[in-house]
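In what follows, every heavy atom counts, from backbone to side chain, and hydrogens, waters and symmetry copies are set aside. Throughout, numbering of the chain's residues begins at 1 and tracks the sequence.
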Amino acid sequence: MKAQKQKMSIIKKMLIAVVAGFAVGILCLFIKGQINADVWDVVDAIFFQDITATKSIEGIGIFYIIGQLFMHGLQMMIVPLVLCSLSLALCSLADPKKLGKIAGKTFICYICFYVVAAALAGAAAYFVKSMGWFDVNLPAKEAQELVTMDGYNPLVTVVNAVPSNIVSSLSSNSTILSVVVVAIVLGLCMTALGEKAQPLKRVIEVLNDIVQMALNFIINKVAPIAIFCMIARAFAVYGTEYISPTLVWIATTIIVSLLLVVTIYPIGVFITTGLNPITFLKKTAKIGMFAAATNSSAATLPLNTKTCTEELGCSKEISSFVLPTGMTINMNGTTAMHMIAITFIGTAAGINVTPATLALTAFLSICTAIGTPAVPVAGTTMVYVVMMGLGFNTELCLIGYSLVLAMNYLPGMAVITLNVVGDAATNVIVNAKEKRLNKEVYDKK
């Protein structure tokens, strides 16, 4: 209950920051059009100046500095976050005591749902991008900052994924794919070594706790102020061009997530088990609604377990493994959101997001989502990790990211629904494959 109250307070702070940022930004636009240009230059120098673009002290740029300190704080956490959370997640997943047919089927099922959700969300995002709904018409002065991605052979990504030097791969946020590979190798090797690797595992667990504590501080204390500054500055500098694409991102994420809930899971249950998909959809509807209301997978776990065992005919033994495991590693709703968010952020920043870009986004997102730590707004925090892995690190990209981070509450309700219903679908499939599903209970109305 305490954690839930804390999370709600974060959401309230974010909403206040967004509203205040919009109000101050629009007020600045109004003032800009009413006062003398020289007076506005002074205001701009004090609050909004990009201090890295000047050769001397031509301005203070208070809002710019606050926003950059926030982003640098997140950047500082990226490599240890990915390394610790993913390696520990693999350790937990590959625990010899939990291995076996049930664990294997559970993992395969979750990965299949990950891939399908990423592919469909990526296709939807690419369609919206192709329609021009994510485009931002920037002032000519700011359009010069747009970046392009040079053509390259996608297979080079495979080669570069395995680092030639572990230390160098851990020293840069632009080599996140290599960090993912190092984390996977580290997690699997620690599992294989068993007790010998326990000292190292304890060190990584402590480091993971430190990273999460730092992230909690950044998100809880710094993020609302930084988001206010970044949104206000975005409107003051770039105008109102970001409003429409942001609303399109929100609507696209909600619609795609809800469509995936009512399609891939019932269809997946029907294809793999032959069970009535409508029955599954009706009985799991309350799970999705409860998750959306509480915005917490952990709070939904008891209801999910009760529904699966009492209404869907799943065994308590298998459910006790599949559902808690899913709460930890099944974040396919988060991956779907990442696909849409990255397309929005890149396109709004003038980057041509291609199918190859989306494929790499899907891989990075799945890897990071599996190891997503239990921190506030973790899903949107991990968007930043994917951004850095793709090289989306310009100021325009950071503006898009600040909007995603700030406006994630409503999309997050749909995203978490996709996560928890996926846990129930996987539970039904695994129980059916293990011949532990009570079909009479499942079919009972």
Test item: K283 side-chain N/O and Y442 main-chain N/O as donor-acceptor pair under 3.5 Å: yes
For A349 against T394, the heavy-atom pair lying closest together: CB-OG1, 4.5 Å
From I345 atom CD1 to I340 atom CD1, the distance as rounded to the nearest 0.5 Å: 12.0 Å
Main-chain N/O of F344 paired with T347 side-chain donor or acceptor, under 3.5 Å: no
Sequence neighbours excluded - ring pair (Phe, Tyr, Trp, His ring centres under 6.0 Å) pairs with any residue from residues 262-284: F113-Y265
Side chains of T354 and T357, donor plus acceptor under 3.5 Å: yes
Side-chain touch I267/P277, heavy atoms, less than 4.5 angstrom: no
Sequence neighbours excluded, every pair satisfying salt bridge (Lys or Arg N to Asp or Glu O under 4.0 Å) that has a member inside residues 405-415: none
Those residues that, when tested against L200, pass side chain to side chain contact (heavy atoms under 4.5 Å, CB included) (two or more places apart): L186, M190, I204
Pairs satisfying salt bridge (Lys or Arg N to Asp or Glu O under 4.0 Å), at least one member in residues 290-310, at least two apart: K306-E310
Aromatic plane relationship, W133 with F127 - under 30° parallel, 30 to 60° tilted, over 60° perpendicular: perpendicular
Qualifying ring pair (Phe, Tyr, Trp, His ring centres under 6.0 Å) pairs, either residue in residues 179-233, two or more places apart: F63-F228
NZ-CG distance between K444 and N438, expressed to the nearest 0.5 angstrom: 10.0 Å
Sidechain-backbone polar pair: S171 side chain, S168 backbone, donor-acceptor under 3.5 Å: yes
Stepwise side-chain contact (heavy atoms from CB on, under 4.5 Å) test for V128 and W249: CA-CA 9 Å; V128 173; W249 169 74; over 6 Å; no
Side chain proximity check, P266 to I278, heavy atoms < 4.5 angstrom: no
Residue pair Q212 / N208, side-chain heavy-atom distance below 4.5 Å: yes
Exam field: side chain K439 to backbone L275, donor-acceptor pair closer than 3.5 Å: no
Beyond-backbone contact of I16 with P224, side-chain heavy atoms, under 4.5 angstrom: no
Pairwise side-chain contact, I351 with C397, heavy-atom cut-off 4.5 Å (strictly under): yes
Rounded distance (nearest 0.5 Å) linking atom CG of L418 with atom OG1 of T334: 8.5 Å
Distance-minimising heavy-atom pair for C84 and S87: O-OG, 3.1 Å
Identify each donor-acceptor pair in which a side-chain atom of residues 254-261 lies under 3.5 Å from a protein atom, sequence neighbours left out, and give them as a table.
unit_1	atom_1	unit_2	atom_2	d
S257	OG	T253	O	2.8

M337 side, atom CE; T252 side, atom OG1 - distance, nearest 0.5 Å: 13.5 Å
Step-by-step side chain to side chain donor-acceptor pair (under 3.5 Å) determination, N427 to N431: CA-CA 6 Å; N427 196 24; N431 273 271; 2.9 Å; yes
Residues, nucleotides or ligands: over 12 heavy atoms within 6.0 Å of K286 NZ: yes
Check ion pair E317-R436 (N to O, under 4.0 angstrom): yes
Side chains of T309 and S319, donor plus acceptor under 3.5 Å: no
L358 and Y126, any side-chain heavy atoms less than 4.5 Å apart: yes
Side-chain heavy atoms of K129 within contact of N352, under 4.5 Å: yes
N304 side chain to V420 backbone, donor-acceptor under 3.5 Å: yes
L193, CG atom: more than 12 neighbouring heavy atoms under 6.0 Å: yes
Distance (rounded to the nearest 0.5 Å) between H338 NE2 and I366 CD1: 11.0 Å
Donor-acceptor contact below 3.5 Å, side chain Y114 vs main chain M331: yes
Close side-chain approach of M230 and I399, heavy atoms under 4.5 Å: no
Separation between OG1 of T300 and CD1 of I416, rounded to the nearest 0.5 Å: 5.5 Å
